[in-house]
Amino acid sequence: MALNNTYDARLVQQETAVGAGVQILLLALLGSAIGMGPAGWVTGLVFAVATWAVLSRALHRSRLRSFGPANRVTLGRATLVGGVTALVADSFESAPPVTLLVGLTAVALILDGVDGKVARRTGTSTALGARFDMEVDAFLILVLSVYVSTQLGPWVLLIGAMRYVFVAAARVAPWLNAPLPPSMARKTVAALQGICLLVAGADLLPHAGNLAVALLALGSLLWSFGRDVLWLYRTSRPRAQRPVEQRVLELA
């Protein structure tokens, strides 16, 4: 039994290594197609190594016996996000084709709705898979906000940074870590971010149109985060006050 567990663990780890290899292959294809500069290469390679290291560690700690089909889809999306990241970094040195960046981003966004369905249909939903999916989504939004900010201004970075600010705030205020109830509005707003940033980044609209689309993304995100933070705050207060009330009753 122990030998089988070791074998399964190695097999799972091999899949992350294959993912890193595919990421490097994609970078090579992009490099040969557009002549990607050092910034794009270094950023893409750092992304590939970081993804492999973080995912390998998470898999080791979760002790999953199988990587699973849904995680393979998410790993494929992560590979595309790595390509987008390299192209955005390269855009600070040169001008990579916008159509290529938009194409990779569009496929990554489309696949965002696939991994969840695969997990549910195959009965392979896991906490690690959900977290992996969320982190890939969040990083793609961050990268796209960096790209669009070069066109519309640094305020667009708020869209990509908001989730990470929330995570940092949760370290100071642990009540922010409480689970939130399912919400279709939250899912819709999250999906809207990538679409809006993709439209603005494609630069198909006049400047005023791109500005309006980015503002729509930021406004809806502020509303969604604000609503969730308010809910978490209201639900955390009774828990914090309950021990105090009990002491008052005991003294009375």
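- Inter-residue side-chain proximity for W155 and S149 is flagged as unmet; no heavy-atom pair is nearer than 4.5 Å.
- Using a 4.5 Å heavy-atom cutoff, the side chains of L109 and L140 are in contact.
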Subject >> Test log, rule side chain to side chain contact (heavy atoms under 4.5 Å, CB included), inputs L218 and M162 >> reply: CA-CA 10 Å; L218 178 59; M162 200 171 302; 3.8 Å; yes

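- At a threshold of 4.5 Å between side-chain heavy atoms, the hydrophobic network of Ile, Leu, Val, Met, Phe, Trp and Tyr places V46 and V88 in two separate groups.
- The ring pair (Phe, Tyr, Trp, His ring centres under 6.0 Å) pairs that include a residue from residues 175-214 are W175-Y233, where partners are two or more places apart or lie in different chains.
- R72 pairs by the side-chain contact (heavy atoms from CB on, under 4.5 Å) definition with E15, F67, P69, not counting sequence neighbours.
- Here L80 contributes atom CG and T85 contributes atom OG1; the two are 10.5 Å apart, rounded to the nearest 0.5 Å.
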Identify every side-chain donor-acceptor pair in residues 127-139 under 3.5 Å, counting partners at least two apart or on other chains, and give the distances.
from: R131; atom 1: NE; to: E135; atom 2: OE2; distance (Å): 2.7
from: R131; atom 1: NH2; to: E135; atom 2: OE2; distance (Å): 3.3
from: D133; atom 1: OD1; to: R77; atom 2: NH2; distance (Å): 2.3
from: E135; atom 1: OE1; to: R163; atom 2: NH1; distance (Å): 2.9
from: E135; atom 1: OE2; to: R163; atom 2: NH1; distance (Å): 3.1
from: E135; atom 1: OE2; to: R163; atom 2: NH2; distance (Å): 2.8
from: D137; atom 1: OD1; to: R77; atom 2: NH1; distance (Å): 2.8
from: D137; atom 1: OD1; to: R77; atom 2: NH2; distance (Å): 3.3

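- To the nearest 0.5 angstrom, L55 atom CG is 7.5 Å from N71 atom CG.
- Applying the salt bridge (Lys or Arg N to Asp or Glu O under 4.0 Å) test to R186 and every residue at least two apart in sequence or in another chain returns D228.
- To the nearest 0.5 Å, atom CZ of residue R120 and atom CG of residue D115 are 9.0 Å apart.
- Tracing side-chain contacts under 4.5 Å through hydrophobic residues (I, L, V, M, F, W, Y), one never reaches W52 starting from I24; they form parts of separate clusters.
- For A50, the side-chain contact (heavy atoms from CB on, under 4.5 Å) test picks out no residue, with sequence neighbours left out.
- Across A86 and L27, no two heavy atoms sit closer than the pair CB-CD2, 3.6 Å.
- With sequence neighbours excluded, the residues forming a side-chain contact (heavy atoms from CB on, under 4.5 Å) with F166 are L176, F225, V229, L232, listed by chain and number.
- In the hydrophobic clustering of this structure, V18 does not group with V81; members are Ile, Leu, Val, Met, Phe, Trp, Tyr whose side-chain heavy atoms approach within less than 4.5 Å, directly or through other members.
- V49 forms part of no hydrophobic cluster, judged by ILVMFWY side-chain heavy-atom separations under 4.5 Å.
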Original post:
Do Y147 and V84 pass the side chain to side chain contact (heavy atoms under 4.5 Å, CB included) test, and can you show the C-alpha distance, the side-chain angles, and the key distance before you say yes or no?
Top reply: CA-CA 10 Å; Y147 182 70; V84 174; over 6 Å; no

Give every donor-acceptor pair under 3.5 Å between a side-chain atom in residues 29-43 and any protein atom, sequence neighbours left out.
from: S32; atom 1: OG; to: A28; atom 2: O; distance (Å): 3.2
from: S32; atom 1: OG; to: L29; atom 2: O; distance (Å): 2.9
from: T43; atom 1: OG1; to: A39; atom 2: O; distance (Å): 2.7

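- Under the salt bridge (Lys or Arg N to Asp or Glu O under 4.0 Å) criterion, R121 pairs with no residue, sequence neighbours left out.
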Sequence neighbours left out, cut at 3.5 Å: what donor-acceptor pairs do the side chains of residues 194-201 make with other protein atoms?
none

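- In this structure a side-chain-to-backbone donor-acceptor pair under 3.5 Å is present from S145 to L142.
- V165 and V189 fall into different hydrophobic clusters, where Ile, Leu, Val, Met, Phe, Trp and Tyr are joined by side-chain heavy atoms under 4.5 Å apart, directly or via other members.
- Here L204 sits alone; no ILVMFWY side chain lies under 4.5 Å from its own, so it joins no hydrophobic cluster.
- Remark: the backbone N or O of A217 is paired with a side-chain donor or acceptor of S220 at under 3.5 angstrom.
- A donor-acceptor pair under 3.5 Å is absent between the side-chain atoms of S224 and the main chain of L221, judged by distance alone.
- Following chains of ILVMFWY side-chain contacts shorter than 4.5 Å, one cannot reach L104 starting from V22, and the two form parts of different hydrophobic clusters.
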Under 3.5 Å donor-acceptor pairs involving side-chain atoms of residues 209-216, not counting sequence neighbours:
from: N210; atom 1: ND2; to: D203; atom 2: OD1; distance (Å): 2.8
from: N210; atom 1: ND2; to: L205; atom 2: O; distance (Å): 3.2

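- Taken to the nearest 0.5 Å, the CG atom of L101 stands 4.5 Å off from the OG1 atom of T105.
- In terms of heavy atoms, R227 sits closest to A185 at NH2-CB, 3.9 Å.
- Note that the OG1 atom of T16 and the CG atom of L75 stand 8.0 Å from one another [nearest 0.5 Å].
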